[in-house]
Amino acid sequence: MKNMVNDEILMMVDKPARYIGKEVNSIVKAKENVDIRFCMCFPDVYEVGMSHLGIQILYDMFNRREDTWCERVYSPWPDMDKLMREKQIPLFALESQDPVKEFDFLGITLQYEMCYTNILQILDLAGIPLHSTDRDAFCPIIIGGGPCAYNPEPIADFFDLFYIGEGETVYNQLLDIYKENKSNGGSRERFLELAAGVEGIYVPSFYDVNYNDDGTISSFVPNRNCAPATIKKQTEYDLDHTYYPEKPLIPYIRAVQDRVVLEIQRGCIRGCRFCQAGMIYRPLRERSIDYLKELAKKMITSSGYDEISLSSLSSSDYSCLHELVYFLIEEFGSKGVNISLPSLRIDAFALDVMSKVQDIRKSSLTFAPEAGTQRLRDAINKGLSEESILKGATDAFMLGWNKVKLYFMMGLPTETEEDVKGIAELSDRIARTYYDTVPKEKRSGKAEITTSTSFFVPKPFTPFQWSPMASKEEFLEKQNLLHTTIKQQLNAKSIRYNWHDPEMTVIEGLLARGDRKLCAVVEEVYQKGKTIFEAWSEYFHYDNWECAMKTCGLSMRFYTLRERGKDEILPWDYIDIGVTKKFLRNEYEKGLQSIVTPNCRQACAGCGAADLSKGKCPARILQEGND
Amino acid sequence: MLIRIKFSKLGSLKFIGHLDVMRYFQKVLSRSGLPIKYTQGFHPHQIMSFASPLGVGLTSDGEYMDFELEEERSDEEINAALQTALTDGFKISKVTILNPRIMNVKKVSAMALVDSADYYLYQKNTVGVRNEETTAFETAFSKLVSATELVITKKTKTSEKEIDIKPYLYDYAFSFDAFLSNRMLDAAYKNALNCSIPDDEGIKLYLHLSAGSAMNLRPETILEEILAGYSSQLTLNDFGIHRLEMYHSDEKGARIPLWDIR
């Protein structure tokens, strides 16, 4: 396979191996022998994209079809992007090195809002019109999926279709429809109409949005019969009998995630009110331990990776976690394979396991209280008490740990100065516990507490989706207050505070709950200087967004600072994720009063996620031992 | 058990840097199912080392890697196990089992053994006809080589130094046959030298240069001097560079390819 980009250009760019393909376990088929060519895209640089599990699952799934060849493309880094434009080299897929424009489908995964301008880079470099309305029969079908597809409105103009939910369920149906339509000589438009009939598929051009004078949505309705009023998100109920890459793609250059990733379950029982993933992936579904053990063996054998990690939203809740982790340690520990543990609830089990796989002196304990006071933790429904944190810390300190990482958010709804100061005070109490617990002679140095804060962004489909976001100025004020308060603590010297620039957060907040009007803003930001890699701080420019909002006559405050009305039509209301809007609103109101909702295993809160026609909600299974 | 393998790195894989090649082979060894020996401690890693890093952009039929096994295996078994784990673009051409105790060299590690290497420089994308450019190139090179010295400026991070590299340019030829017959090489060694690059017309130059930690003379350096010598329109980008073999010089000065040092 000859490279699309010649040697001379490859020698001029950073990490040329990003563009040559030929990775271990990559699939090459004869293009004459397939009916459908699918190109999967992660709109960020190769090393980030190659770490994403979702593409690996879909790549495996599509390539199992004999009539389909799935390849990959990632955002060319700015140095290559520039050369491609200069030399008019079209964007190409890695396996065949063929232009992306020649494919039947271009699937783009939407993992975070800051990659939106990279989507336009991909389309632009591929020679595909940015607006779906401008595309003809010679263009691929542009389809988007992933977490941001749960509010795709700010990029709706650029996509022909969105797939809402988990990819394992209806892609085959969609591809069959495509193939049949193509062989019948059906048009692109006809395919979109047929696609609209597939559950979980959203065709944005088949819906009209109208606005009130105040900017809120007055109506969101289908403009043709084939488009359903509501789109039902897709859920794969049988995670033991579905697709999973037993032979993962292995990049030559070091990806961010350089290990075997075992997704042990989907969904979460905790119901933290700020968390979108916890809601959109409900109900909780586990993979069986026997399946995971087999999968782990196959993946390590086929890849040769020297590290394996567990992936899920709350691994401590996996019912067979103890058995699984001890199995991995026993099976792989002696073979030079490292077990990378996810953030575990710090209890006796976690400490035992951590001491077996990590060097205590070098590793740290991680807690994510998210809020500095119990009052605020109750408001956000983060069920982590100070007592359990201090107990976990004490036990760990006695075993030799002295490093602790703490994660918090600032700008949460109902937050007061007390809550911000509480972060400093909690950090200090943990440091104090170290000095009170471990006698001087036994200490291996000072306690090292690293406190990190990020900023709260209200996300669609969470109880806090109605909440105002704090402003940039408020974020900075809170950071300063915290910084000062930490300095005043008794053990200030043992606490390090990591803080961030709030500007990127503001834009994330803008796009997360944005409506269709923002498409023009995203395009404006991109077109002005071909702005890309906004997720990277060295390429992010807040001013571009402020300017673009002005040019488009829109107000940043309207999207970020405004509290949404109880009965307001939200841009994503047409999606049914199972969890009801009523439940979310109820949770919001409880949150404003700091009332806790127990987790799914303690009591069912009737969120609406479970398809009860399939039996009992899978989140209600019994646990392995005691909680 | 200490093993040395000779491998090729071909095609697009020339864009993969040395560190990534190391990481690739770590996985190959793990996938092979062979009983690889690991270091002790919290982060055990495989005991493996490479003879000499190959720069990005170069292909090779003469790369070497050493690793250790916990248990004994025959060289056929080792070769078979590795082949199942290798992917396109990397090929193993020789598997040598080393026995440090009876090896008659003081140094054992491949890296310490490397003294010189063979390179093949060739013009890419040629029309397929020998022309004036070829003649000019060969004339310029002959002129360089017939001079008493060849001084270049070596730039380090802090300073610039002038070095005469002529003593480190050991052998050369414009064709493969001439290259083999010019040198004092064992017949077996000649037979083992193979080049995966097809032999097209156009400019060709074979070089045997000093390599390794003492003095590593890069073929790009020679190429730059030649092209400057006749003010050529061609640049480094017009050439491919392929490493053919690595040698150790014994006490008598005989060149032994690394695969034959047991």
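Letters A, B, ... mirror the listed sequences (proteins, then strands); counts begin at 1.
In this structure, the portion of A:Ile20 lying under 4.5 Å from any heavy atom of chain B is its side chain and not its backbone. In this structure, chain B has a heavy atom under 4.5 Å from the side chain of A:Ile250, while its backbone stays farther away. Contacts of A:Asp258 with chain B are made by side-chain atoms alone, with heavy-atom separations under 4.5 Å and no backbone atom involved. Residue B:Phe25 does not touch chain A at all, counting heavy-atom pairs closer than 4.5 Å. Neither the backbone nor the side chain of A:Glu307 comes within less than 4.5 Å of any heavy atom of chain B. Only the backbone of A:Lys335 comes within contact range of chain B, with heavy atoms under 4.5 Å apart.
Comparing A:Asn338, A:Thr301, A:Ile253 by how many heavy-atom pairs each has under 4.5 Å with chain B, the most go to A:Ile253. Ranked by heavy-atom pairs under 4.5 Å with chain A, the first of B:Lys14, B:Gln46, B:His45 is B:Lys14.
Using a 4.5 Å cut-off on side-chain heavy atoms (C-beta onward), A:Val24 and B:Lys27 make no contact. Residues B:Thr235 and A:Glu8 form no side-chain contact, since every pair of their non-hydrogen atoms from C-beta on lies 4.5 Å or further apart. Using a 4.5 Å cut-off on side-chain heavy atoms (C-beta onward), A:Tyr252 and B:Thr87 make contact.
Contact between B:Pro44 and A:Gly336 at its shortest, heavy atoms only, is CG-CA, 4.2 Å. Taking every heavy atom of both residues into account, B:Ser12 and A:Lys22 meet most closely at OG-NZ, 3.8 Å.
Summarising the local packing, OH of B:Tyr172 is surrounded by 12 or fewer heavy atoms from other residues, nucleotides or ligands at distances under 6.0 Å. For A:Glu32, the CD atom sits in a packed shell: over 12 heavy atoms of surrounding residues, nucleotides or ligands are nearer than 6.0 Å. A 6.0 Å sphere centred on CG of A:Asn6 holds more than 12 heavy atoms belonging to other residues, nucleotides or ligands. For B:Phe174, the CZ atom sits in a packed shell: over 12 heavy atoms of surrounding residues, nucleotides or ligands are nearer than 6.0 Å. Crowding of A:Lys247 atom NZ: a count of heavy atoms from other residues, nucleotides or ligands under 6.0 Å not exceeding 12.
One distance of note links CG of B:Asp20 with CZ of A:Arg254; it measures 9.0 Å at 0.5 Å rounding. For the atom pair NZ (A:Lys15) and CD1 (B:Ile16), the distance works out to 13.5 Å, reported to the nearest 0.5 Å.
Salt bridge B:Lys124/A:Asp7: present, at least one basic N to carboxylate O contact under 4.0 Å.
Not one N or O on the side chain of B:Arg31 forms a donor-acceptor pair closer than 3.5 Å with the backbone of A:Gly304.
In this model, no donor atom of one side chain and acceptor atom of the other lie less than 3.5 Å apart for A:Asp306 and B:Ser30.
Among the residues in residues 82-95 of chain A, none has a non-hydrogen atom closer than 4.5 angstrom to a non-hydrogen atom of chain B.
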